[in-house]
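Written out below as structure tokens is the structure these notes cover.
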Amino acid sequence: QVQLVESGGGLVQAGGSLRLSCAASGRTGTMYPMAWFRQAPGKEREFVAAIKWGISSTYYADSVKGRFTIFRDNAKNTVHLQMNSLKPDATAVYYCALTLFQGDRSVYSRHSNYNYWGQGTQVPVSS
């Protein structure tokens, strides 16, 4: 089993920055790809960013490319999402996820490919 705990959410003004963190514990001896998804009220869960462990390959949704950065701290089994130049449409609950699959962006961008999820952290962006 794997446990994922997100932190760092909170109210932020448009144009501001926020860093989310996801701490993984449990069966993480072999590092797996992890990702961030978000779900706005009344909308489907959507892919934000993903990262592999071994070679640090990263993948981003087009809507956040250039403004969001996903990175990891191997020693602490933690993945972060640095969000800059936030827009009101970024308002959502952000979820951390871990997948046992290996692949490319087409694999990592599908929420159905993820085996473990955190509880989510709210990020309201005010205009």
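In this chain, residues are counted from 1 in sequence order.
Residues Gly9 and Val123 share a closest heavy-atom pair of CA-CG2, 4.1 Å. The two atoms that bring Ala92 and Ala40 nearest to each other are CB-N, 3.8 Å, heavy atoms only. Closest approach of Ala14 and Ser127 over heavy atoms only: CB-CA, 4.3 Å.
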Full working for side-chain contact (heavy atoms from CB on, under 4.5 Å) between Glu6 and Gln119: CA-CA 7 Å; Glu6 301 102 334; Gln119 79 287 355; 2.8 Å; yes
Show, in sequence, the C-alpha distance, side-chain angles and deciding distance for Val12 and Ser126, and conclude whether the side-chain contact (heavy atoms from CB on, under 4.5 Å) test is met. CA-CA 6 Å; Val12 60; Ser126 63; over 6 Å; no
Given side-chain contact (heavy atoms from CB on, under 4.5 Å), test Gln82 with Ser17 step by step and report yes or no. CA-CA 7 Å; Gln82 177 66 40; Ser17 298; 3.9 Å; yes
Applying side-chain contact (heavy atoms from CB on, under 4.5 Å), run through Arg67 and Lys87 and close with a yes or a no. CA-CA 10 Å; Arg67 297 185 298 114; Lys87 303 175 182 178; 4.0 Å; yes
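Taking 4.5 Å as the limit, some side-chain heavy atom of Tyr94 sits within range of a side-chain heavy atom of Met83. Counting only heavy atoms from C-beta outward, the side chains of Gln102 and Lys52 approach each other to under 4.5 Å. Within the 4.5 Å cutoff, no side-chain heavy atoms of Phe71 are placed close to those of Val79. You'll find the side chain of Asn115 stays beyond 4.5 Å of the side chain of Leu98, heavy atoms only. Within the 4.5 Å cutoff, side-chain heavy atoms of Trp36 are placed close to those of Ile70.
The hydrophobic clustering, which links ILVMFWY residues whose side-chain heavy atoms are closer than 4.5 Å, places Met34 and Leu100 together.
Note that OG of Ser109 is 8.5 Å distant from CG of Asp104, once rounded to the nearest 0.5 Å. Here the SG atom belonging to Cys22 is positioned 12.5 Å from the CG atom belonging to Asp73, to the nearest 0.5 angstrom. To the nearest 0.5 Å, atom OG1 of residue Thr99 and atom CZ of residue Arg110 are 12.0 Å apart. Here Leu20 contributes atom CG and Cys96 contributes atom SG; the two are 9.5 Å apart, rounded to the nearest 0.5 Å. Taken to the nearest 0.5 Å, the CG atom of Asn84 stands 6.5 Å off from the OG1 atom of Thr69.
Partner of Arg38 under the side-chain contact (heavy atoms from CB on, under 4.5 Å) criterion, chosen from Val64, Leu81, Thr91, Thr121: Val64.
Dense packing is recorded around NZ of Lys65, with more than 12 heavy atoms of other residues, nucleotides or ligands lying under 6.0 Å away.
Other members of the hydrophobic cluster containing Tyr108, listed by chain and number, are Phe37, Phe47, Tyr59, Val93, Tyr95, Phe101, Val107, Tyr114, Trp117; membership follows side-chain contacts under 4.5 Å among ILVMFWY residues, whether direct or relayed.
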